[in-house]
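In what follows, a single structure is set out as structure tokens and then discussed.
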Amino acid sequence: MIEPTEAAAPAPSDFIRDIVSQHVAEKRYPGIVTRFPPEPNGYLHIGHAKSICLNFGIARENAGRCNLRMDDTNPTKEDVEYVDSILTDVRWLIAGWADHVLGMRSVSGSEAPYYASDYFEQLYEYAVALIRKGRAYVCDLNAEETELYRGSPDKPGRESPHRSRPVAESLDLFQRMRAGEFPDGARALKAKIDMGSPNIWLRDPVLYRIRHASHHHTGDAWCLYPMYDFAHCLSDYIEGVTHSICTLEFEVHRPLYDWILESLELPRALPRQYEFAKLIPSYTIVSKRKLIQLVNEKSVSGWDDPRMPTISGIRRRGIPAAALRRFVTSVGVTKYESVTEIALFEHTVREALNALALRRMAVLRPVKLVIANIPEGEAIPCEAVDNPQDDNPRTRHVDLTREVFIDADDFSEAPPPKYFRLKPGGDVRLKYACIVTCTEVVKDASGRVAEIRCTADLDSKAGGANAARKVKGTIHWVSAASAFEAEVRLYDRLFTQADPEIGGDFRQTLNPHSLEVVTAKLEPCLRDARAEERYQFERLGYFTLDSADSTPDRPVFNRTITLRDTWAKSGDR
RNA sequence: UGCCCGAUAGUGUAAUGGCAGCACAGCAGAUUCUGACUCUGCUUGUCUAGGUUCGAGUCCUAGUCGGGCAGCCA
């Protein structure tokens, strides 16, 4: 769904979109085609979300297409589990926004993503063509020798002894590499470019390597696999991609991307590569390797743990796709590598949730409040608003009874200055109900507050004679008679430091309080909570039903994010 | 001491040779049956040095600082 805040946002503009617009104006291509090319070796995270929104965004703004393509050229690292999660995550992120430009392959009636591995045969033919042109050769050097021959950034490399091998010999060897005649690493196909180039990637880079390994998509059909540089540019070309957008670390690969395509003397217009700076939010990590570590070391419950910066974690946390899109779009597209304050994301999430969340009352750390002048068994119906942000807000009823629960935070025996909540002898409004005055505090044997007693000004309820009576504070509550208990998971940032790597190891800065589980008292209508719905527990934050662990008789709620709390921040408390 | 890329408030970003703006964060206040939302005000910026120009954040040169590149990973 496109939400109002997203719809109202101005069309994004950045240096890549400027280039695309120019190409559209000069009719350089028949249509604009981009692609999102993840390697299925991990779950997608917030950084990928930026790439998805950029690529699909450009496609939808130009009536083009964005292909979803698995960049699966390394069988030893990839798995179908990741293919499936990628598909789910992309569909969720673009749903209602860019599904109409999603480029997929039709396979026997149903849709499937593109796979670079589906092009292995064509890619092999292109490699043969390159050999025939004298632009590639089979090299017998092993990996260590290749590294030695490559030189270093400030020292040119040396030419391989096999560099001038006759074309026919390379052709024969390459065919035998495919046939499985040689073990892993015995030979490789290399581009014949320039061992003296200041750009390392132009020093006869490896194009194909031998890997006797099964591939998650092609099975055992191949023991010869193309490298990223060879497969990527040609996959783009095969699919008719016009703008191949990637992150900054591939900038030095661009000359190779162009070299391969140009060397092949292809008939159609060539795709071009453009690079942008990836998204790095503070208080989190976006490295697949490190995210895998968090999962494997059980620092989190899995890839979709609501604290994870993965798209699946963000979804489970209760963050709407539109909010994620709006955030990754709002940070812009530049070539400046920066760290984006997570506060910007949190703001976007609150903005989206404030507009759509249903207000409910929930008490996280219950303390009993007994209202002396309400007889036992009596229920005073009160009208509560579902969402005051709506033009014509809907309402529901909550019953005020003799015994209610309030949050422990909302009562203080020794309140700090400017404390607006309940205190001995003080009064406070029970939201949607009436004003109560604290008359007595009952403690248990250990000295803890066991029960608070008060009297209510029954006329201060909406519609009553004292409805307009003002008090400093208003607190939420639930009726002890009708509230039910449920598990509520209070999530916080996964790391305590803006830069989790500050001390050298991100595991040292994990936030020990990133998850707190409480048994809360919830207002009865929350029994009908739905997974797609977003709720605001009044004065506390935004919550949603946990998609994985909830059952109909045992709901589990996740806190997506707290409300902004200037009182807590003021330091007065 | 190779090559490539970058640098605008605390953070992110805009200004395409012509008034340095926006959002977030922060601070102060108003409002409030959510210490939320909303509203008002405030603080804070063009890395440095030269050059071109009537005029430079923008163009040129040099420097400084930061990032990337030496996988048969992507």
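Letters go in sequence order (proteins before strands), and every chain restarts at 1. Keep in mind it's a predicted model, so treat the numbers as computed, not measured.
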Base-pairing assignment for [N] (Watson-Crick or G-U wobble, both under 3.5 Å):
N	result
B:C73	none
B:C37	none
B:U13	B:G21
B:A56	none
B:G26	B:C42
B:C65	B:G6

Point to revise | side chain to side chain donor-acceptor pair (under 3.5 Å) involving A:Asp258 - partner list, sequence neighbours excluded | key: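 A:Asp258: side chain to side chain donor-acceptor pair (under 3.5 Å) contacts with A:Arg272.
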Ignoring the backbone of [X], work out which of [options] is nearest its side chain.
X	options	result
A:His347	B:A36, B:A74, B:A25	B:A25
A:Pro198	B:C72, B:C3, B:C69	B:C3
A:Arg211	B:A74, B:C72, B:U34	B:C72
A:Glu251	B:A36, B:C4, B:G2	B:C4
A:Glu39	B:C69, B:A74, B:G6	B:A74
A:Asn74	B:C73, B:A70, B:C24	B:C73
A:Asp18	B:U16, B:G12, B:C37	B:U16
A:Trp201	B:G10, B:C72, B:A70	B:A70
A:Arg150	B:G71, B:C5, B:G35	B:G71
A:Thr474	B:C72, B:C37, B:C33	B:C33

**Study point:** Stepwise salt bridge (Lys or Arg N to Asp or Glu O under 4.0 Å) test for A:Arg187 and A:Asp140
**Key:** CA-CA 5 Å; A:Arg187 294 177 213 271; A:Asp140 305 351; 2.9 Å; yes
Review point. How do A:Glu337 and A:Lys472 order along RNA chain B: which one's closest nucleotide is nearer the 5' end?
Key: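 Whichever sits nearer the 5' end wins; that is A:Lys472.
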**Study point:** 5' priority, RNA chain B, between A:Asp72 and A:Ala343 [closest heavy atom]
**Key:**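 Upstream on the strand: A:Ala343.
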Point to revise | Within-4.5 Å side-chain heavy-atom neighbours: A:Ile86 and A:Leu44 | key: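 Touching, per the 4.5 Å side-chain cut-off.
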**Study point:** Ring center gap for A:Tyr208 and A:Phe174 short of 6.0 angstrom
**Key:**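 That pair passes the under 6.0 Å test.
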Check your understanding: How about A:His232 and A:Tyr228: are their ring centroids closer than 6.0 Å?
Key ->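 Yes - the distance between ring centres of A:His232 and A:Tyr228 falls below the 6.0 Å cut-off.
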Using a cut-off of 4.0 Å on non-hydrogen atoms, how would the nucleic acid contact of [X] be classed: base, sugar-phosphate, or nothing?
X	answer
A:Asn142	base
A:Ala277	nothing
A:Arg203	nothing

Review point. Under a 4.0 Å N-O cut-off, is there an ion pair linking A:Arg539 with A:Asp410?
Key: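 Salt bridge between A:Arg539 and A:Asp410, a charged N being under 4.0 Å from a carboxylate O: yes.
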Answer yes or no: does a side-chain N or O of [X] lie under 4.0 Å from OP1 or OP2 of [N]?
X	N	value
A:Arg564	B:G26	yes
A:Thr73	B:A74	yes
A:Arg539	B:G35	yes
A:Arg209	B:G71	no
A:Lys470	B:C33	yes
A:Ser282	B:U11	no
A:Thr334	B:U13	yes
A:Lys569	B:G26	yes
A:Arg429	B:U34	no

Practice item. Please measure how far the C1' atom in B:G57 lies from the corresponding atom in B:G41, and state the result in whole Å. Key: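 Comparing C1' positions in B:G57 and B:G41 gives a spacing of 28 Å.
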Review point. According to the 5.5 Å centroid and 30° plane-angle thresholds, does A:Phe420 stack upon the nucleobase of B:G35?
Key: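 Here the ring of A:Phe420 and the base of B:G35 are stacked, with centres under 5.5 Å and planes under 30°.
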Practice item. Decide, applying a 5.5 Å centre-distance limit and a 30° plane-angle limit (both strict), whether A:Trp567 stacks on B:G35. Key: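 Answer is yes, a stack.
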**Study point:** Check: A:Arg429 side chain, A:Ala433 main-chain N or O, donor-acceptor pair, under 3.5 Å
**Key:**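 Pair found, side chain donor or acceptor close to backbone of A:Ala433.
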Calculate the interatomic distance between [X] atom [atom1] and [N] atom [atom2]; express it in whole Å.
X	N	atom1	atom2	answer
A:Asp204	B:A70	CG	P	16 Å
A:Asn354	B:A36	CG	P	12 Å
A:Glu249	B:G71	CD	C1'	14 Å
A:Lys278	B:A74	NZ	C1'	12 Å

Exercise for review: Check whether the side chain of A:His476 and the base of B:A36 form a donor-acceptor pair under 3.5 Å.
Suggested key: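 No.
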Check your understanding: Do A:Glu341 and B:G10 share a donor-acceptor pair, side chain to base, under 3.5 Å?
Key ->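 Such a pair exists between side chain and base.
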Exercise for review: Please work out whether the ring planes of A:Tyr225 and A:His215 are parallel, tilted or perpendicular, with thresholds of 30° and 60°.
Suggested key: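 Geometry flag for A:His215 against A:Tyr225: parallel rings.
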